[in-house]
Amino acid sequence: DPLACMKQDFIGPRLPDAVIEALLSEDLGKNRLAVNSVSIKDISEKPVVVIIIKGMGLSASSTREALDLPKEITMGFSPYSTALDGWVKMAKDTGHDVVLNIPMETSNYHTDNPGPYSLLTQASDDDNATRIKMLIDLMKDCNAIYSENNEVFTRSMNSIKPALEF
């Protein structure tokens, strides 16, 4: 089973089934997210550990300090950074991979609102597609995207697949 390594808890939670199904979809390669991606079908059975410092770009002093870390550490940028392009350039110039946080509806959305760019289960497919296009366009040099662990948007194929097929 090529997905066996993704259906186990190693360090963090496993990928939701809806995300795995969407990533394995033959249609996924038609959108911009797949341009620089590695096919899940090609991942070895050994787990890969990636260390991501998230929330980059929100605090200038913390971001500068994190950029001094070894280049093997991936920098996870917030779409709410006011100087995103400059921080991403600095991270790339120092050899770091960069990933963009895609805010998504959380399990306790009314008290933990991830902001105005969030992908929402109750939003229309068009609204979520518009949001994800806008988010991806914010950071043209990103290596990948990520979300927070308490999000619920990716638990439903009805929510995630249209957003990934923009």
Side-chain angles (χ1 to χ4, degrees), residues 3 6 12-43 48 50 52-60 63 66-67 73-93 96-166:
L3 302 180
M6 299 168 130
R14 71 177 186 85
L15 288 173
D17 290 339
V19 173
I20 295 170
E21 289 173 32
L23 291 172
L24 289 172
S25 167
E26 296 300 322
D27 295 330
L28 184 61
K30 297 176 183 172
N31 69 49
R32 196 167 147 201
L33 285 179
V35 171
N36 294 318
S37 66
V38 174
S39 169
I40 288 181
K41 297 172 189 171
D42 297 332
I43 294 176
V48 176
V50 177
I52 300 174
I53 306 296
K54 59 186 191 172
M56 298 290 293
L58 295 175
S59 162
T63 301
L67 291 176
I73 306 290
T74 298
M75 301 295 147
F77 284 91
S78 168
Y80 301 118
S81 169
T82 57
L84 190 59
D85 288 337
W87 288 123
V88 169
K89 181 177 179 343
M90 288 175 67
K92 291 281 205 177
D93 288 349
H96 294 280
D97 280 337
V98 295
V99 296
L100 178 66
N101 175 251
I102 301 295
M104 298 181 190
E105 182 177 330
T106 59
S107 55
N108 52 348
Y109 179 69
H110 297 293
T111 58
D112 184 17
N113 184 331
Y117 302 159
S118 302
L119 303 181
L120 304 171
T121 58
Q122 299 303 311
S124 71
D125 292 349
D126 287 343
D127 285 347
N128 282 326
T130 298
R131 287 181 182 148
I132 200 163
K133 284 179 200 171
M134 183 270 308
L135 288 162
I136 298 294
D137 285 344
L138 285 175
M139 195 166 109
K140 294 174 181 37
D141 290 332
C142 72
N143 298 102
I145 60 173
Y146 75 98
S147 66
E148 300 298 331
N149 64 355
N150 65 335
E151 60 84 13
V152 296
F153 184 80
T154 61
R155 293 183 189 171
S156 164
M157 180 61 92
N158 291 336
S159 296
I160 193 66
K161 192 166 183 181
L164 292 177
E165 292 177 341
F166 68 89

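Numbers here simply count residues along the sequence, with the first being 1.
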What is the distance from atom [atom1] of [X] to atom [atom2] of [Y], rounded to the nearest 0.5 Å?
X: L100; Y: M139; atom1: CG; atom2: CE; answer: 5.0 Å
X: L58; Y: L84; atom1: CG; atom2: CG; answer: 9.5 Å
X: M56; Y: T63; atom1: CE; atom2: OG1; answer: 4.5 Å
X: I102; Y: F153; atom1: CD1; atom2: CZ; answer: 10.5 Å

Tell me every residue that passes side-chain contact (heavy atoms from CB on, under 4.5 Å) with [X], counting only those two or more places apart in sequence or in another chain.
X: T111; result: N108
X: S107; result: N150, V152
X: A60; result: R64, W87
X: T130; result: none

field: Residue pairs passing the ring-ring contact (aromatic ring centres under 6.0 Å, His included) test where at least one lies in residues 121-150, sequence neighbours excluded
entry: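 Qualifying pairs, neighbours excluded: none.
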- prompt: With sequence neighbours left out, what residues match K92 under salt bridge (charged side-chain N to carboxylate O under 4.0 Å, His left out)?
  reply: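 K92 satisfies salt bridge (charged side-chain N to carboxylate O under 4.0 Å, His left out) with no residue once adjacent residues are dropped.
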query: Can you list the residues that meet the salt bridge (charged side-chain N to carboxylate O under 4.0 Å, His left out) rule with D93, with sequence neighbours excluded?
result: K89
When the side chains of residues 73-80 are checked against the rest of the protein, which donor-acceptor pairs come out under 3.5 Å, sequence neighbours left out?
{"unit_1": "S78", "atom_1": "OG", "unit_2": "Y80", "atom_2": "N", "d": "3.0"}
{"unit_1": "Y80", "atom_1": "OH", "unit_2": "P114", "atom_2": "O", "d": "2.9"}
{"unit_1": "Y80", "atom_1": "OH", "unit_2": "Y117", "atom_2": "N", "d": "3.2"}

field: Residues that T121 engages under side-chain hydrogen bond (donor to acceptor under 3.5 Å, both in side chains), provided they are two or more places apart
entry: E105
